[in-house]
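So the structure is just underneath, and the comments pick up after that.
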Amino acid sequence: MARFWVCVAGAGFFLAFLILHSRFCGSPVLRNFTFAVSWRTEKILYRLDVGWPKYPEYFTGTTFCVTVDSVNGLVYIGQRGDNIPKILVFTEDGYFLRAWNYTVDTPHGIFAASTLYEQSVWITDVGSVLGTPGKKGTGLNPLQFDNPAELYVEDTGDIYIVDGDGGLNNRLIKLSQDFMILWLHGENGTGPAKFNIPHSVTLDSAGRVWVADRGNKRIQVFDKDTGEWLGAWNNCFTEEGPSSVRFTPDGKYLIVAQLNLSRLSFVAAPPVGSIGECSVISTIQLADQVLPHLLEVDRKTGAVYVAEIGAKQVQKYVPLNSYVPSFGS
């Protein structure tokens with residue numbers, strides 16, 4: 001028995017030596033070994049709901065966007081293609097309800113802003129938003145868009161739009177509920193508050209606006225009231241820029257999709273008053289060429305819906321049982 005404990009102690013000492021040596025001496029072999037050990041400590045927060053939707057054959061085009069009406073338990077999906085319904089509506093349980101093929105030509109982003117008293121769904125179309133199709137441009141009076149990627153509607157009715165998925169514009173715009181410009185950042189570039197394909201936008205509970213600055217491989221952060229630039233994250237996105245950003249309902253994690261890497265990352269949200277550095281807590285590696293484009297999070301259940309343009313489907317991920325009680329806290 002004594003020999004057994006001596007062996008255990010020796011193995012533990014050897015493992016500690018390998019980790020320390022790899023950190024301070026830089027041996028490639030030992031670095032790989034250390035990665036294999038530390039990888040097992042990554043948190044697993046979500047699992048795939050393999051039964052959603054009940055009838056995937058309703059996906060007949062390329063699925064670009066998804067949103068959740070948490071108030072009414074509905075999931076809206078935008079897809080592209082010829083002679084197909086452009087908007088599909090499912091229940092949160094995965095049952096198909098209806099579809100429509102009017103008013104929308106080429107959907108890119110979609111957002112449900114329903115309340116107990118009113119249902120509304122906002123869609124960004126190629127060259128159109130706010131019901132003014134066909135007027136591409138850079139003008140502000142009247143306000144013109146060019147390939148608007150996504151929008152986020154706050155509970156107050158204020159609207160945040162990232163305008164510039166490969167078009168003329170590279171800007172973030174905040175509008176009031178009656179469509180007056182409250183503030184704007186709009187210039188192509190790499191410096192603070194400049195963009196290269198701003199692709200997704202979301203808000204946190206601390207009043208900060210988070211933008212997936214895809215072409216610059218970073219996330220930029222702004223004050224929602226003043227538009228002041230607060231900082232940026234770029235250390236997590238050296239391989240590819242983020243294509244979509246959403247917070248979990250408890251505000252603990254920012255979920256980031258990376259299109260060509262077919263990866264979802266769960267990043268620790270920073271405290272109020274600090275942006276800090278990006279820190280990935282967990283990842284979900286999808287199959288090659290799945291291509292997650294935009295995602296949405298159910299505010300009530302925490303479920304994550306991912307629109308995949310490569311796989312031409314929407315998949316649903318649900319929190320693990322141990323993680324569910326923290327939502328809404």
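Quick note: residue numbers are just sequence positions, from 1. The structure displayed is predicted, hence computed values, not measured ones.
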If you measure only the distance, is there a donor-acceptor pair under 3.5 Å linking the side chains of [X] and [Y]?
X	Y	value
S200	E150	yes
H108	D125	no
S70	D298	yes
T156	Q177	no
E240	Q258	no
D158	S176	no
W52	Q315	no

Point to revise | E239 bridged to K217 by N-O distance under 4.0 Å | key: no
Review point. When you check the gap from the basic side-chain N to the acidic O, do E296 and R246 get nearer than 4.0 Å?
Key: yes
Practice item. Kindly say whether L168 contributes a backbone atom to a donor-acceptor pair with the side chain of D146 at under 3.5 angstrom? Key: yes
Exercise for review: Can you label the angle between the F195 ring and the F222 ring as parallel, tilted or perpendicular, going by 30° and 60°?
Suggested key: tilted
Exercise for review: Could you point out which residue of V297, L203, T202 forms a side chain to side chain contact (heavy atoms under 4.5 Å, CB included) with F247?
Suggested key: T202
